[in-house]
Amino acid sequence: MIPTSYTKTLNRFSKFPSVSEWNSKIRSSISQGCTQKALLLFRQMKQSSIEPDKLTFPIIAKASAKLSNLRLSESIHTHVLKSQFMSDVYVQTALVDMYVKCGRVDVARQVFERMPERDVASWNVMIMGFAEFCGAGEVMGLFRQMRVGGFRPDSMTLMALSIASSNSQNLNMVRGVHCIGVQTGIDGDVCVANTWISGYSKCMDLESAQMVFRGIPVVVRTVVSWNSMIAGYAFQGKFVEAFGLYRNMCSDCCNPDLSTMVSLLSSCVRPEALLHGNLIHSHAIQSGFDSDVTLTNTLISFYAKLGDIDSARFLFNGMNERTRVSWTALIGGYAEKGDVDEGFALFLAMEATGEKPDAVTLVAVLSVCGQAGTLELGRWIHEYATSNGLGKNVIVCNALLDMYSKCGSMSEACEVFLSISERTIVTWTTMITGYALNGEFKLALDVFSQMVVLGLRPNHLTFLAVLQACAHAGFVEKGWMLFRMMTEVYKISPILEHYACIADMLGRKGRLKEALEFIQTMPVKPDAGVWGALLGACKTHNDAEIGEYVTYRLLELEPQSAVPYVAMANIYASEGKWDGVAKFRAMMRSKKVRKSPGHSLVQVNGKIHTFTVEDMSHPKGLFIFAVLDSLALQLKEGLEPLLDCGLG
DNA sequence: TTAGGGTTAG
């Protein structure tokens with residue numbers, strides 16, 4: 001159906017317009033965003049027997065690219081082949097670009113290969129296509145061919161290379177492209193410099209990103225330069241720095257846009273940035289940005305990740321238009337909660353609307369399965385991934401690995417691990433964590449050794465995984481060796497979790513004094529996690545002296561926590577020192593600290609059963625305890641459990 | 001040229 005306004009426009013046309021008049025009319029329709037109108041004009045032009053010229057095809061190819069319409073693109077291609085411009089470099093380049101924009105880089109490559117002659121622009125569109133759809137190696141290969149062919153790169157070439165390197169998060173390539181830019185004198189182009197800021201940021205090299213940013217003269221900096229730098233800090237969750245840049249941006253009279261808001265908000269996905277995030281939300285409402293899909297998706301993720309699933313759901317329910325990102329963000333929120341029912345229901349609802357899940361959606365659903373330990377559902381998602389062509393996707397495989405190991409099936413985790421052709425650092429770390437989680441400490445360390453032999457660089461989480469394996473297995477010397485390796489060989493500064501791990505490792509072995517000295521000489525202030533690890537060990541080894549010292553340190557940090565009081569009371573009780581027990585119970589009372597009793601929940605056939613310690617209030621309480629006693633006995637004797645308490 | 005959902009820990 002042709003809108004009346006278009007027909008009116010056409011009627012206002014002079015009776016016999018020339019081809020250049022048609023061209024400019026079509027071009028202006030495209031620039032106004034009226035792509036359909038442009039195509040209609042093209043059809044009218046053909047009907048009025050005006051032959052398209054050399055300029056018409058690139059203009060109309062651009063319209064088809066904007067619509068990502070493959071059938072239309074093929075028909076334009078056929079028109080070109082029948083025309084006198086079938087060998088023209090300008091027209092052919094437009095066809096390559098059109099196919100790239102339609103997501104058919106393979107067809108674009110075929111057209112490119114058959115071009116009788118090429119110029120820098122044709123190389124650029126092909127490299128840009130590769131940058132979007134292929135790996136960094138293939139992009140650089142194409143660039144080398146271009147250089148061998150005697151073509152000199154321009155700013156477009158550099159931008160394409162830069163985008164390819166940041167997409168693949170390849171720091172060496174970003175550096176290489178930066179060098180080429182400096183050598184060829186293209187480093188003065190602000191658009192190119194912006195892609196370097198983004199490239200360095202995505203490779204976590206904020207120092208270099210800052211260096212490029214500061215190198216752009218203040219008057220030349222664009223909103224994109226600021227946004228790229230803010231996004232860099234946001235990517236690492238550095239919200240204080242991101243907001244600092246935002247303030248500088250405003251004082252430099254650069255107006256923030258929607259991208260600025262989205263980046264700032266994404267830097268706030270951490271509990272300590274909740275207020276900053278709320279501020280951005282209200283600012284977005286005031287500026288009318290809150291109807292934007294991207295911003296709403298970020299808001300959903302922000303609330304869901306910070307545990308406010310109701311707000312996330314409210315925003316999701318109120319959306320006029322949802323994308324797969326909206327669904328994935330909310331599923332991710334239920335994964336965080338471990339709510340498998342809601343998470344999976346949402347996944348099915350998404351499918352029912354016809355929205356296709358992608359790799360990231362499956363990762364979120366698998367995370368739900370891992371959190372909840374639902375192995376059968378996890379296997380079902382595995383089959384779903386395979387039958388939808390995502391079974392080889394590395395992030396899906398990593399999530400499968402994590403799901404299987406959390407569900408206790410290391411054999412299936414191993415199968416997935418072996419099937420991954422391009423293992424990333426996440427793959428290896430997940431495998432190490434999986435073995436450690438399932439008590440296979442030796443295997444966890446073997447996987448680590450294999451990884452190091454292969455020349456892969458472990459990160460701080462890999463070391464956390466091996467240190468935890470050592471702590472749980474009691475491999476103290478090995479643990480120390482790895483800790484030194486991390487700091488001295490890999491130059492990774494330990495974070496609080498690493499220190500807590502070492503304290504735990506020494507404490508479990510009963511080396512409490514050593515653990516205490518270690519904590520007291522740490523270069524950073526120990527937090528509750530570090531002291532808590534030592535207190536746990538004091539409890540295990542009944543050391544009231546060190547325990548009491550640790551308790552006071554913990555109470556300085558968390559005065560309202562009941563844990564230290566209870567731990568100390570228990571240590572004294574086990575030694576029969578009732579004065580000590582009374583002292584800590586009295587302290588608890590005077591500080592009005594209350595300990596909520598620990599309880600467990602079991603869901604059977606949709607009904608949730610709650611149990612606390614020595615709790616007989618359940619209708620089948622007596623029977624359940626009898627079964628538990630029987631189970632304990634059978635486990636002690638190494639027998640298979642025989643009884644079923646019949647909750648279902 | 002910039003922005004949204006995701007996997008390793010907790």
Side-chain angles (χ1 to χ4, degrees), chain A residues 128 131 155-156 158-160 162-163 166 189-199 201-202 216 222-232 234-235 256-267 269 271 289 292-302 304-305 312 316 322-333 335-336 350 357-367 370 393-403 405-406 420 423-434 436-437 458-465 467-468 495-498 500-501 527 529:
Chain A
M128 199 61 107
S155 54
M156 276 297 286
L158 263 288
M159 268 200 280
S162 206
I163 292 164
S166 50
D189 185 311
V190 68
C191 297
V192 175
N194 290 344
T195 61
W196 290 332
I197 298 173
S198 174
S201 296
K202 283 190 184 150
I216 307 174
T222 63
V223 64
V224 179
S225 323
W226 286 98
N227 287 351
S228 306
M229 203 58 239
I230 291 173
F235 196 55
D257 62 7
L258 193 59
S259 293
T260 324
M261 293 298 129
V262 172
S263 289
L264 283 175
L265 187 60
S266 71
S267 76
V269 186
F289 286 152
D292 180 81
V293 181
T294 304
L295 190 103
T296 313
N297 290 343
T298 319
L299 279 169
I300 292 174
S301 175
F302 166 74
K305 277 284 167 54
F316 178 85
R322 292 178 191 132
T323 64
R324 70 177 68 167
V325 177
S326 329
W327 291 93
T328 308
L330 195 58
I331 294 173
E336 200 76 15
M350 173 185 181
D358 66 359
V360 184
T361 320
L362 293 190
V363 168
V365 190
L366 284 167
S367 170
N393 182 294
V394 71
I395 65 162
V396 172
C397 287
N398 290 344
L400 281 168
L401 205 56
D402 180 55
M403 180 275 294
S405 67
K406 282 192 179 135
I420 305 174
R423 294 174 194 135
T424 66
I425 183 65
V426 179
T427 316
W428 288 92
T429 308
T430 311
M431 200 61 195
I432 296 167
T433 310
L437 194 69
N459 65 18
H460 72 287
L461 290 179
T462 323
F463 276 106
L464 198 57
L467 288 175
Q468 273 165 353
I495 55 171
L496 286 162
E497 281 85 349
H498 294 114
C501 221
D527 70 343

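Proteins get letters first, then strands, A, B, ... in listed order; numbering begins at 1 in each.
Val396(A) comes within contact range of no nucleotide atom at all, as no heavy-atom separation falls under 4.0 Å. Heavy atoms of Ile163(A) sit under 4.0 angstrom from primed sugar atoms or phosphate atoms, though from no base atom. Across all strands shown, Ala364(A) has no heavy atoms under 4.0 Å from either base or sugar-phosphate atoms. Heavy atoms of Thr361(A) sit under 4.0 angstrom from at least one base atom. Within the nucleic acid shown, Asp292(A) has no heavy atom closer than 4.0 Å to any nucleic acid atom. Within the 4.0 angstrom heavy-atom criterion, no nucleotide atom of any strand lies near Ser162(A). Note on Val360(A): a base of the nucleic acid sits closer than 4.0 angstrom, heavy atoms only.
Nucleotides of DNA chain B lying under 4.0 Å from heavy atoms of chain A occupy a range whose first and last members, 5' to 3', are dT1(B) to dG10(B).
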* **Test side-chain hydrogen bond (donor to acceptor under 3.5 Å, both in side chains) applied to Asp358(A) and Thr361(A), step by step** => CA-CA 5 Å; Asp358(A) 66 359; Thr361(A) 320; 2.9 Å; yes
* Asked: Can Ile216(A) and Ile197(A) be said to form a side-chain contact (heavy atoms from CB on, under 4.5 Å), step by step?
  -> CA-CA 11 Å; Ile216(A) 307 174; Ile197(A) 298 173; 3.9 Å; yes
* To do: Before giving the answer on side-chain contact (heavy atoms from CB on, under 4.5 Å), spell out for Leu158(A) and Trp196(A) the whole-Å C-alpha distance, their side-chain angles and the decisive distance to 0.1 Å.
  => CA-CA 10 Å; Leu158(A) 263 288; Trp196(A) 290 332; 4.0 Å; yes
* To do: Before giving the answer on side-chain hydrogen bond (donor to acceptor under 3.5 Å, both in side chains), spell out for Thr222(A) and Ser225(A) the whole-Å C-alpha distance, their side-chain angles and the decisive distance to 0.1 Å.
  => CA-CA 5 Å; Thr222(A) 63; Ser225(A) 323; 3.2 Å; yes
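The shortest distance between side-chain heavy atoms of Asn398(A) and Ile420(A) falls below 4.5 Å.
Among residues two or more places apart in sequence or in another chain, the ring pair (Phe, Tyr, Trp, His ring centres under 6.0 Å) test is passed with Phe302(A) by none.
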